[in-house]
Every structure is written in structure tokens, then in C-alpha cells.
Amino acid sequence: FITGPSIKLRLPSKTMKPEVRRWTEQSRRKIEDRIRKMYSEASMKRGLDSTRDNHVSRARTYLNHLRAWMLMDYCGMRLAEIRSLPLDRIDLFNGKISIKDIDREGGTDQYGKKFQVKFRVKSRKDQVVYLPDNVQDFLVDDARLRQTDERWFIDKGDGTNVYADPIGLSRAVARHQEAVGVLGEAQRTHGTRATLATDLCRENPYLAQQVLRHADISTTQIYTHVTR
């Protein structure tokens with residue numbers, strides 16, 4: 001046994017709220033501009049439908065990254081919500097997205113193995129995300145690029161979900177952040193939600209609660225403590 005003087009640890013108070021890291025406006029624009037540029041260049045070279053050996057074309061890959069970023073950045077949607085979002089739950093006419101539990105066949109992965117897309121709403125209750133005008137306009141234009149077989153928001157173009165696991169989408173977003181030199185400024189996917197939350201809290205915490213779909217206002221109030 002090791003003997004010696006006792007050490008008294010001082011643990012943080014249970015009521016202490018953690019500081020929240022958020023993206024700066026400049027970093028958000030850098031990330032979005034990078035994704036748009038990569039998509040534009042790839043689509044001019046080969047187009048959306050150039051695929052090889054069950055791999056998605058570069059243009060479609062970057063378009064899916066842009067789709068995901070728009071919902072993360074402007075709507076504060078969670079990574080798992082976006083990855084598991086079927087197209088039939090996007091209501092462009094009324095400008096809203098329904099968030100519900102899902103358990104559907106996602107298609108086949110890169111190895112030809114079938115996988116399921118499973119998701120449970122965090123609050124265990126159906127939720128609605130209302131789309132800002134710029135996102136609604138983006139999705140209306142985006143709908144014209146969809147193939148008739150597509151079923152998922154993040155789709156290969158043939159009804160197959162691009163990501164058998166949400167981690168793949170998270171890593172893709174992180175690569176864009178690294179490319180523009182901002183990786184680590186905020187959490188790579190949840191950071192957009194934290195950024196939107198802090199911006200809205202400055203105006204009205206109850207508005208932020210509604211947009212973020214928090215059951216309790218105390219959860220929203222965490223985002224009043226920011227590091228930048």
C-alpha cells in the first residue's frame with residue numbers, strides 16, 4: 001500500500017454550467033464557401049451522375065455535404081437527424097421538416113451489405129423544424145436535382161442512404177473544417193447548433209428553446225455561457 005497525506009479533491013458544482021464553444025461568422029462562411037466551391041468544380045468536370053463501382057460521384061458527394069451543412073448551420077439540426085432524414089418528411093410547401101422515429105432499410109453499403117437506418121427522437125416525441133427562407137429556397141432548388149429513385153435527404157441517387165453510420169457524415173464535415181483551418185474552434189457538428197443557440201439566446205431565450213426543440217428552458221440557458 002502507498003501511504004501519505006490525504007488529498008481532498010474539489011469537484012465542480014453540479015449547478016455549474018459548461019462553457020460552450022461556437023463558430024465565428026467568418027468560420028461558418030469559410031466552411032460553406034469551401035463546400036460550395038468543391039461542389040461547383042466537381043459538377044462542372046463530371047456531373048452528378050458519374051459513378052464508379054457503387055461509389056458516389058464527387059459532385060453528388062459534395063452536394064450531400066452542402067445539404068447537411070445547410071440544415072446544421074441554419075436550422076440547428078443534429079447530425080443523426082440529418083443522416084436519418086427521409087425525403088417524405090420534408091414539406092417544402094409549408095416550409096417544415098418532421099422529426100420522427102425511423103427504422104427503414106437504408107440500402108447497401110460499399111461492401112454490398114444491406115443496412116437499416118434507425119433513429120429515435122431525443123425527446124421521444126415527434127418534433128417539427130421550421131425552415132428559414134434561405135434554407136427553404138435552397139431545398140426547393142435542390143429538389144430539381146433529385147433523381148426519381150431518391151428516398152433519403154443524404155442519398156446516393158438511387159434510394160440508398162450514403163452513410164451506413166452517422167460517423168461518416170461527421171468525418172466528412174470535419175475534413176472541410178480542417179481544409180479551411182478552423183477545425184477545433186467548435187465541435188465539428190454540434191458546434192453549429194451551439195452557435196445558433198447562442199445567437200438566438202441573445203434575442204430571446206424562449207425563441208431559442210422553440211427553435212432548438214428543448215423540452216426545458218434550463219437546457220437552452222446553457223448556451224448563454226459562451227467562450228467567444
Side-chain angles (χ1 to χ4, degrees), residues 31-92 96-121 129 131 134-179 188-190 192:
I31 296 166
E32 183 177 331
D33 289 347
R34 148 87 182 183
I35 301 173
R36 287 184 179 276
K37 179 182 178 182
M38 298 301 288
Y39 164 59
S40 178
E41 291 178 353
S43 60
M44 285 190 294
K45 287 181 180 179
R46 293 182 176 270
L48 284 176
D49 300 319
S50 175
T51 58
R52 176 179 58 82
D53 299 331
N54 198 35
H55 286 75
V56 184
S57 69
R58 285 186 177 274
R60 189 174 296 279
T61 294
Y62 292 128
L63 177 57
N64 279 324
H65 296 172
L66 181 59
R67 289 165 172 163
W69 182 257
M70 293 295 286
L71 294 192
M72 288 180 192
D73 192 34
Y74 295 102
C75 302
M77 286 182 63
R78 301 178 177 92
L79 177 72
E81 294 171 343
I82 296 169
R83 177 258 174 179
S84 62
L85 178 63
L87 289 175
D88 57 24
R89 293 185 182 170
I90 302 176
D91 181 353
L92 291 178
K96 63 182 182 180
I97 293 175
S98 297
I99 307 296
K100 302 179 181 180
D101 293 352
I102 193 166
D103 186 355
R104 296 185 189 178
E105 183 179 327
T108 56
D109 62 18
Q110 58 183 325
Y111 306 107
K113 184 179 179 181
K114 292 183 178 181
F115 66 90
Q116 289 289 119
V117 173
K118 297 183 179 181
F119 169 77
R120 290 194 68 185
V121 181
V129 174
L131 302 173
N134 67 319
V135 177
Q136 186 173 1
D137 291 343
F138 169 81
L139 293 180
V140 168
D141 291 339
D142 181 60
R144 301 188 182 100
L145 302 175
R146 295 280 184 181
Q147 301 296 312
T148 55
D149 292 333
E150 291 191 43
R151 297 184 300 126
W152 300 98
F153 183 65
I154 306 296
D155 200 289
K156 286 185 177 181
D158 61 0
T160 297
N161 195 306
V162 174
Y163 299 103
D165 187 282
I167 293 298
L169 178 56
S170 176
R171 289 171 177 166
V173 172
R175 286 193 291 270
H176 291 293
Q177 295 166 2
E178 184 176 23
R188 56 188 183 185
T189 56
H190 196 76
T192 52

Task: Any donor-acceptor pair under 3.5 Å from D142 side chain to F138 backbone - done: no
TODO: Show your reasoning for whether side-chain hydrogen bond (donor to acceptor under 3.5 Å, both in side chains) applies to Q116 and D103.
DONE: CA-CA 7 Å; Q116 289 289 119; D103 186 355; 2.8 Å; yes
Open item on the list: Can a donor-acceptor pair be found, under 3.5 Å and without considering hydrogens, that links the side chain of N64 to the backbone of D155?
Closed with: yes
- [ ] Identify the heavy atoms of S40 and S43 that sit nearest to each other, and give their distance.
- [x] O-OG, 2.9 Å
- [ ] Without swapping roles, check the side chain of R58 against the backbone of Y39 for a donor-acceptor pair under 3.5 Å.
- [x] no
Task: Side-chain donor/acceptor of R146 to backbone N/O of F153, under 3.5 Å - done: yes
Task: Close side-chain approach of L71 and V129, heavy atoms under 4.5 Å - done: no
Open item on the list: Checking the side chain of T160 only, and the main-chain atoms of K156 only, is there a donor and an acceptor separated by less than 3.5 Å?
Closed with: no
Task: Check: R60 and Q147 side chains under 4.5 Å, non-hydrogen atoms - done: yes
Task: Side-chain heavy atoms of N161 within contact of F115, under 4.5 Å - done: yes
- [ ] Could you tell me which residues satisfy side chain to side chain contact (heavy atoms under 4.5 Å, CB included) with R188, sequence neighbours excluded, listed by chain and number?
- [x] S170, R171, A174, Q177
Task: Taking every non-hydrogen atom, the tightest pair across A68 and I82 - done: O-CD1, 3.6 Å
- [ ] For I90 and L139, work out which heavy atoms get closest and say how close.
- [x] CG2-CD1, 4.3 Å
Task: Lys/Arg-Asp/Glu bridge criterion (N-O < 4.0 Å) met for E32, K37 - done: no
Task: Side-chain heavy atoms of I99 within contact of M77, under 4.5 Å - done: yes
Open item on the list: Could you work out, with side chain to side chain contact (heavy atoms under 4.5 Å, CB included) as the rule, every residue matching P86, not counting sequence neighbours?
Closed with: D88, R89, I102, R104, W152
- [ ] Take the angle between the ring planes of H65 and H176 and call it parallel below 30°, perpendicular above 60°, tilted in between.
- [x] perpendicular
Open item on the list: Let's go through K45 and E41 carefully: what are the C-alpha distance in whole Å and the side-chain angles of both, what is the deciding distance for salt bridge (Lys or Arg N to Asp or Glu O under 4.0 Å) to 0.1 Å, and is it a yes or a no?
Closed with: CA-CA 6 Å; K45 287 181 180 179; E41 291 178 353; 5.6 Å; no
- [ ] Identify the two heavy atoms, one from R36 and one from L66, that lie closest to each other, and give their separation to 0.1 Å.
- [x] CG-CD1, 3.8 Å
